[in-house]
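What follows is a set of notes on a single structure, which appears directly below.
All figures in this text were calculated on a predicted structure; none of them were measured in a lab. Only heavy atoms go into these numbers, but all of them, side chains included; no hydrogens, no water, no symmetry mates.
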Amino acid sequence: MKEISMEKVEAARQAMLETVKSKSLTHEQKVATMANHADSLLSVLDLPEGLLEVLRCEPEKQCICDLFEGNAPMRPRYIIPDYEKFFREGSAFLQVEPPKDLYEAINALQIFYKHVPSVTNYPVYVGQLDTLLDPFVQDMDEELAFKMIKLFCIQMDRTILDSFAHANIGPKATKAGRLLLRAMAETKDAVPNLSLKYDEELTEDDFAIEAIRCAMASAKPSFCNHRMYSKDFSGNYVIASCYNGLAYGGGAYTLVRLILSNIAKRAKDRKDFLEKELPYIMDLCVRYMDERIRFIVEESGFFENNFLAKEGFIHRDRFSAMFGLVGLAEAVNILLEKEGKGDCRFGHSKEATELGVEIMDCISAFNEAHKNPYCEVSNEHFLLHAQVGISTDVEISPGTRIPIGEEPENLADQMEVLSHFHHYFPSGTGDLFPIDRTIHQNPEYVLDIMKGAFQKNLRYLSFYSNDSDVIRITGYLVKKSEMDKLKQGKSVLQDTVALGLGAAENGKILERKVR
């Protein structure tokens, strides 16, 4: 372990005291924050030379961001347990037998969730809930099953204290899936997040319409292109956290992102960006990711000691890592301005789209040339990820999205631009659309949009009503009413409310174009 300065120790001690005295943090939030302060005192990774200059610097110069994973990673960032195995075999460590009815199934899941770690300290994937629960509701009184599932959803919202917890349903309709949609439409809570795996040949229209009605009430589910993800992951994938595509029974060691807009600021012109600055920053980024992965696998002891691995609920060789990026739109605009083409804006110009594709081809080729031996599930390559942004991002659009306030007037034109970029990102990308409240009378309109978008190889779409209290921030959900409480200095249950408030203030997420 490397030495650190007393100045850093004193700064951490001061931050700890401020955390203890905080009037807006709950006890659980204080405990988690104190753990992060303790982690900041460790120095165990061998960092590439030059990394700190673009990682730990003022925001306008930061080109790489590790998304608060900590200095000494003690577990992978995202963990995707095999819940089906848990239901078939139970767990010796948890002393839980395979469930025999809905009471036992829900109780087993509630126990299991408490012991699934992640970067948020809560599970980022809570299971394919429709197929998990469906066998137990077939012979039950439907209203009793509904009441139990509704209470289960409420329990998750009140005990899993961030909205990165993500459930899946679909592509086929099930009785349990319909009960889950009904419950979430009624509860209108932010947790858990939810995705419907949609395939036009497998998903009945009436089930999709039911899901759209639920989304208009509660901003969930989102809709993922099941064919596209199935091809990328040989059919064995889940959607976790915001909209992360990951291998079932595995997960992601780490997620580190490039801030493309700030990299573009360093460059003299397009050639300098593509041939010098971008490759230099990408090289630092992947070597940093390699070191984080090496520590998790070789030194942390997680895979040797955690019951999830020892009992076969996760497998190390099904983990990969997420090579993320934000700010493509701003990078394109900056580079075009340096060429005297400031009127060519991302989302409104063929030349801007072509430059965006050129940048993505460069990043994709670099990733294909880099190998990490611990990422077997993705052929020893990282998975590209269009990261959703963080609350402190200013004038940095998530992933490859068109900046808020600059969306094309015609939705079809926006979809056409997006169709050039979604295919790059097997571990997640997505776009979201506030829908005018009149859509409640015509959900078929949204279904038609979705069918057309997926035929154009868009990967993931989210819709929510513009008058809903629950809104989708970037990939996660927050209640506007909870953000108002936090703004007034009141305590709130979920950590993600603070992230949502920051995104509202810095990212203009409440100003999206209503469709």
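Around CZ of Phe307, the count of heavy atoms belonging to other residues, nucleotides or ligands within 6.0 Å exceeds 12. No more than 12 heavy atoms of other residues, nucleotides or ligands sit less than 6.0 Å from atom CD of Gln95.
Using a 4.5 Å heavy-atom cutoff, the side chains of Ile160 and Pro123 are in contact. A 4.5 Å side-chain heavy-atom check between Leu325 and Ile363 finds at least one atom pair inside the cut-off. In this structure, the side chains of Leu109 and Phe87 come closer than 4.5 Å at one or more pairs of heavy atoms. Looking at Tyr113 and Val126, their side chains come closer than 4.5 Å, going by heavy atoms from C-beta outward.
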Next on the checklist: salt bridge (charged side-chain N to carboxylate O under 4.0 Å, His left out), that's the test. Do Asp199 and Lys172 meet it? Break it down for me.
Outcome noted: CA-CA 8 Å; Asp199 183 330; Lys172 295 181 179 179; over 6 Å; no
Item to check | Audit row: Ile314, Ile79, side-chain contact (heavy atoms from CB on, under 4.5 Å) steps and yes/no | outcome: CA-CA 8 Å; Ile314 57 173; Ile79 293 173; 3.8 Å; yes
Item to check | Full working for ring pair (Phe, Tyr, Trp, His ring centres under 6.0 Å) between His370 and Phe382 | outcome: CA-CA 8 Å; His370 180 79; Phe382 297 150; 5.3 Å; yes
Item to check | Stepwise salt bridge (charged side-chain N to carboxylate O under 4.0 Å, His left out) check, Asp82 with Arg318 | outcome: CA-CA 11 Å; Asp82 184 340; Arg318 294 195 59 76; over 6 Å; no
Checklist entry - What's the verdict on side-chain contact (heavy atoms from CB on, under 4.5 Å) for Leu258 and Phe323, showing C-alpha distance, side-chain angles and the deciding distance? => result CA-CA 8 Å; Leu258 306 170; Phe323 189 18; 3.9 Å; yes
Item to check | Gln110 vs Phe152, side-chain contact (heavy atoms from CB on, under 4.5 Å): CA-CA, chis, key distance, verdict | outcome: CA-CA 8 Å; Gln110 290 171 338; Phe152 176 43; 3.9 Å; yes
Next on the checklist: Is there a side-chain contact (heavy atoms from CB on, under 4.5 Å) between Tyr253 and Cys375? Walk through the geometry before answering.
Outcome noted: CA-CA 9 Å; Tyr253 299 111; Cys375 295; 4.3 Å; yes
Next on the checklist: Under the criterion salt bridge (charged side-chain N to carboxylate O under 4.0 Å, His left out), I'd like the reasoning laid out for Lys456 against Glu416: C-alpha separation, chi angles, the key distance, then a yes or no.
Outcome noted: CA-CA 8 Å; Lys456 293 181 71 67; Glu416 176 61 30; 2.9 Å; yes
Checklist entry - Given Arg227 and Glu201, is the salt bridge (charged side-chain N to carboxylate O under 4.0 Å, His left out) satisfied, shown in steps? => result CA-CA 10 Å; Arg227 292 183 197 174; Glu201 293 185 1; 3.5 Å; yes
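We find the CG-CZ distance between Asn244 and Phe164 to be 9.5 Å, quoted to the nearest 0.5 Å. Remark: Leu132 CG to Asp134 CG distance equals 10.0 Å, nearest 0.5 Å. Here the CD atom belonging to Glu186 is positioned 12.0 Å from the CG atom belonging to Leu181, to the nearest 0.5 angstrom. Note that CZ of Arg292 and OG1 of Thr254 are 5.0 Å apart. Values are rounded to the nearest 0.5 Å. Distance check: Cys214 SG to Leu180 CG gives 9.0 Å after rounding to the nearest 0.5 Å.
Under the 3.5 Å distance criterion, with hydrogens and angles disregarded, a donor-acceptor pair is assigned to the side chains of Asp162 and Thr120. One side chain, Gln128 or Asp130, offers a donor N or O that lies under 3.5 Å from an acceptor on the other. Checked by atom type, the side-chain pair Arg512/Tyr464 shows a donor-acceptor distance below 3.5 Å.
The ring of Phe425 has its center no closer than 6.0 angstrom to the ring center of Tyr460. Note: Phe86 and Phe112 meet the aromatic proximity criterion, with ring centroids under 6.0 Å apart. Between Tyr237 and His226, the ring center distance clears the sub-6.0 Å criterion. Taking the six-membered ring where the residue is Trp, the centroids of Tyr125 and Tyr83 are separated by under 6.0 Å. You'll find the ring centres of Phe223 and Tyr198 outside the 6.0 Å limit. Ring centers of Phe346 and Phe421: under 6.0 Å apart, within the cut-off.
Electrostatic pairing of Glu143 and Arg182 counts as a salt bridge here, judged by a charged N lying under 4.0 Å from a carboxylate O. A salt bridge links Arg459 to Asp232: at least one charged side-chain nitrogen sits closer than 4.0 Å to a carboxylate oxygen. Ion pair Glu210/Arg213 not flagged as a salt bridge, since none of the NZ, NE, NH1 or NH2 atoms sits closer than 4.0 Å to an Asp/Glu carboxylate oxygen. Note on Asp189 versus Arg158: salt bridge recorded, some NZ/NE/NH1/NH2 to OD/OE distance being below 4.0 Å. The pair Glu204-Arg178 counts as a salt bridge, with a side-chain nitrogen and a carboxylate oxygen less than 4.0 angstrom apart.
Phe319 pairs in a ring pair (Phe, Tyr, Trp, His ring centres under 6.0 Å) with only one of the listed residues (Tyr78, Phe302, Phe303), which is Phe303.
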